[in-house]
Amino acid sequence: MKHLKSLREFIDELEKIGDVQTIDKEVDWNLEVGAIIRRCYDLRAPAPLFTNLTGYQGTGFRLFGAPGALSSSEYPLARIALALGLPAAATGQQIVEQLVAARSKPGIPPVVVPSESAPCKENIMVGDAIDLLAFPTPLIHGNDGGRYIQTYGMNIAKTPDGSWTNWSVNRMMIAGKDTLACLIPGPQHLGVIRSKWTELGKPMPIALAIGVEPGLPFVGGMPLPEGADESHFLGALFSEGLELVPAETVDLLVPASAEMVIEGYISLDETVVEGPMNEFPGYNATEASPKQLFKVTAITYRDGALQAIVAAGPPVEEDHTIIGTTSAAEILYLLREAGLPAASAWYNFEAAVHWLTVSVRRDWHETLGISSTELIDRIAGVIFAGKPSVNAPKILVVEDDIDITDLSEVVWAFATRSHPERGEFHFPNKLSMQLAVYLSEEESHTFKAGKVIYNCLLADLYPAGSRPVKGSFENGWPTEIQERVLANWGAYGF
């Protein structure tokens with residue numbers, strides 16, 4: 001495990017494998033930055049680092065795009081793997097297993113370090129000096145309602161009694177020089193905590209940390225249970241506490257290495273129009289609506305502060321890699337805790353976190369002594385019991401002869417193993433995401449919609465020893481022939 005403790009350390013590691021493209025040519029924060037980031041997603045190009053932004057020359061401020069996206073190099077999951085302490089070459093299943101292992105460990109609380117040694121305190125804005133527009137926050141998409149300063153940072157809030165601190169990623173748009181418009185859905189943990197402050201008739205203190213160390217957005221996007229502190233989980237992952245410092249104007253601890261920290265309060269009753277803003281389902285957003293108002297009381301930032309930017313939209317971008325990777329890990333952990341023979345779980349990124357694949361051990365039928373219908377019901381009872389089900393509207397269950405991180409294998413298994421009539425199991429009125437384009441207005445507002453699980457299991461259909469075997473290179477030829485072909489591959493002219 002290599003714990004990269006700042007965004008700058010993360011960029012340095014990516015540069016070593018050629019996965020950063022520094023852009024010194026002048027680029028306009030107004031739409032051009034967003035278009036370049038989107039093009040990088042489409043081509044799986046190196047992550048763009050913008051150093052020369054229109055109107056902000058001489059400030060030293062920079063933007064870093066696509067921080068958690070896929071790479072086109074020999075290490076396609078490098079940005080995810082490095083962020084979570086693994087080698088750049090780690091596979092999807094290795095990454096998920098690393099997260100699952102950390103879930104089984106006790107959390108390690110953060111370490112408070114002196115403010116005078118914290119990089120995030122190099123510059124401080126308070127009072128009339130506060131100016132969110134001093135930073136080159138981009139207008140990302142052509143139809144966005146404003147400049148979104150929070151697309152990859154951490155929202156930090158705690159309950160009034162201080163018993164629970166939550167770290168999350170929720171979008172925030174600049175509304176004025178000292179105000180933000182915030183999306184805070186009620187069922188999400190940030191919304192749950194805000195409701196506790198509202199019950200007391202008090203505005204909620206909040207800190208927004210931007211340009212944080214690379215592991216934080218991943219744990220912030222993981223569907224940990226209510227009451228869990230994501231910073232403690234990050235400590236368990238790296239076997240050491242996250243370094244935090246006290247905020248200037250609110251009673252919260254913030255990441256010492258953050259590039260920027262915005263402090264303030266979520267107003268009790270004031271709102272401001274927010275949106276539209278493109279989101280993870282991948283379609284152009286068109287609606288704006290009143291959202292909670294964030295009144296800024298301080299901004300602290302590093303010299304030459306970096307903002308990490310996500311241009312949300314069609315797969316594959318950070319909404320898919322973060323939610324997909326961490327939700328799969330949490331679901332795998334819960335399935336195993338329930339005593340089910342789960343081999344792995346994976347959100348195929350191309351499905352925009354609308355499609356989860358779960359693999360079970362090939363001996364599940366002999367081990368459990370139940371039918372696939374009963375197994376599906378038990379899997380549903382675990383997954384649909386809480387927060388992890390939000391982004392699992394469609395689930396495929398396969399045996400572990402399928403590499404579920406390989407979309408072509410998943411599609412093949414689905415097409416050839418799921419019965420078109422008996423292979424589909426429906427579960428109505430379950431906790432749901434609100435942004436899927438197929439939802440009715442009522443489903444979107446209530447966060448309740450139907451789910452479906454596709455049974456792609458074979459073990460209970462055939463006696464042991466006579467089940468269909470994948471006719472692959474590995475299964476279709478004698479070992480000596482396989483070895484001969486592999487040894488002579490270059491000699492064949494390939």
Side-chain angles (χ1 to χ4, degrees), residues 7 10-11 14 19-23 25-54 56 61-72 76 78-80 83 135-154 169-174 180-181 183 208 210-212 214 217-218 220-221 259-260 274-288 306-325 349-354 435 437:
L7 179 60
F10 179 57
I11 291 172
L14 292 176
D19 202 26
V20 173
Q21 178 59 57
T22 300
I23 301 176
K25 175 180 171 59
E26 181 177 345
V27 175
D28 199 329
W29 57 264
N30 186 4
L31 299 180
E32 188 178 1
V33 162
I36 292 171
I37 296 172
R38 169 44 55 184
R39 185 68 172 154
C40 287
Y41 291 139
D42 295 343
L43 299 177
R44 295 193 179 180
L49 177 62
F50 303 95
T51 65
N52 183 358
L53 295 149
T54 300
Y56 291 90
F61 296 144
R62 296 166 292 165
L63 302 177
F64 183 58
L70 299 180
S71 307
S72 62
R79 294 176 216 173
I80 305 170
F135 306 96
T137 302
L139 182 66
I140 300 171
H141 310 96
N143 55 309
D144 282 354
R147 299 165 71 175
Y148 279 84
I149 199 166
Q150 159 59 320
T151 59
Y152 202 66
M154 299 305 305
V169 184
N170 296 74
R171 75 190 195 207
M172 295 186 182
M173 184 189 85
I174 295 175
L180 296 167
L183 175 66
L208 164 59
I210 296 169
V212 294
F218 282 88
E259 295 288 327
M260 184 190 310
E274 183 268 350
M277 198 259 188
N278 290 6
E279 275 281 9
F280 69 89
Y283 298 89
N284 279 351
T286 58
E287 294 184 3
L306 273 160
Q307 289 177 250
I309 305 295
V310 170
V316 177
E317 41 94 343
E318 285 77 5
D319 288 297
H320 314 123
T321 59
I322 287 181
I323 297 172
T325 303
F349 298 144
E350 295 84 352
V353 294
H354 287 56
L435 297 175
V437 297

Got a donor-acceptor contact below 3.5 angstrom from the Arg147 side chain to the Thr137 backbone? yes

My understanding is that only residues two or more places apart in sequence, or in another chain, count here; which of them pass ring pair (Phe, Tyr, Trp, His ring centres under 6.0 Å) with Tyr148? none

Could you state the interatomic distance from CD1 (Ile149) to CE (Met172), rounded to the nearest 0.5 Å? 10.5 Å

What are the two closest non-hydrogen atoms of Asn143 and Ala285, and how far apart are they? ND2-O, 2.5 Å

Under the rule for ring pair (Phe, Tyr, Trp, His ring centres under 6.0 Å), what residues qualify as partners of Phe61, not counting sequence neighbours? Phe135, Tyr301

When you compare the side chain of Met277 with that of Thr151, does any pair of heavy atoms fall below 4.5 Å? yes

Once rounded to the nearest 0.5 Å, what's the spacing between atom CD of Glu274 and atom CD1 of Ile174? 12.5 Å

Would you call Asn278 and Asn284 a side-chain contact if the rule is heavy atoms closer than 4.5 Å? yes

For Gly65 against Phe50, the heavy-atom pair lying closest together: N-CE1, 4.5 Å

Atom CD1 of Ile140 and atom CD of Glu32: how far apart are they, to the nearest 0.5 Å? 14.5 Å

Correct closest heavy-atom pair for Gly275 and Ala288 would be O-CB, 3.3 Å

To the nearest 0.5 Å, how far apart are CZ in Phe349 and CD1 in Ile323? 11.0 Å

Validation row: Arg38, His141 side chains within 4.5 angstrom (heavy atoms): no

Scan residues 316-325 for pairs that pass side chain to side chain donor-acceptor pair (under 3.5 Å), counting only residues two or more places apart or in two chains. Tyr41-Glu318

Would Ile11 and Leu306 count as a side-chain contact (heavy atoms from CB on, under 4.5 Å) if you check the C-alpha gap in whole Å, the side-chain angles of each, and the deciding distance to 0.1 Å? CA-CA 11 Å; Ile11 291 172; Leu306 273 160; 3.9 Å; yes

Working to the nearest 0.5 Å, report the span between CZ of Phe64 and CZ of Phe10. 6.0 Å

Side chain to side chain contact (heavy atoms under 4.5 Å, CB included) partner of Pro136, chosen from Ile309, Asn30, Leu53: Leu53

Within the structure provided, determine whether Asn52 and Glu26 are in side-chain contact (heavy-atom separation under 4.5 Å). yes

Gap between atom CG of Asp28 and atom OG1 of Thr54 - 0.5 Å precision: 4.0 Å

From CA spacing to verdict: side-chain contact (heavy atoms from CB on, under 4.5 Å), Thr51, Arg62: CA-CA 5 Å; Thr51 65; Arg62 296 166 292 165; 4.2 Å; yes

Looking only at heavy atoms, the pair that brings Ile80 and Phe218 closest together is CG2-CE2, 3.7 Å

Answer whether the closest heavy-atom distance between the side chains of His354 and Pro281 falls below 4.5 Å. yes

Of the non-hydrogen atoms in Val212 and Leu7, which two are nearest, and what is the gap between them? O-CB, 3.8 Å

If you look at every heavy atom in Val169 and Pro217, which pair is closest and at what distance? CG2-O, 4.2 Å

Leu208 vs Leu180 side-chain heavy atoms within contact, under 4.5 Å: yes

Using side-chain heavy atoms (C-beta onward) and a distance below 4.5 Å, is Asn170 in contact with Gln150? no

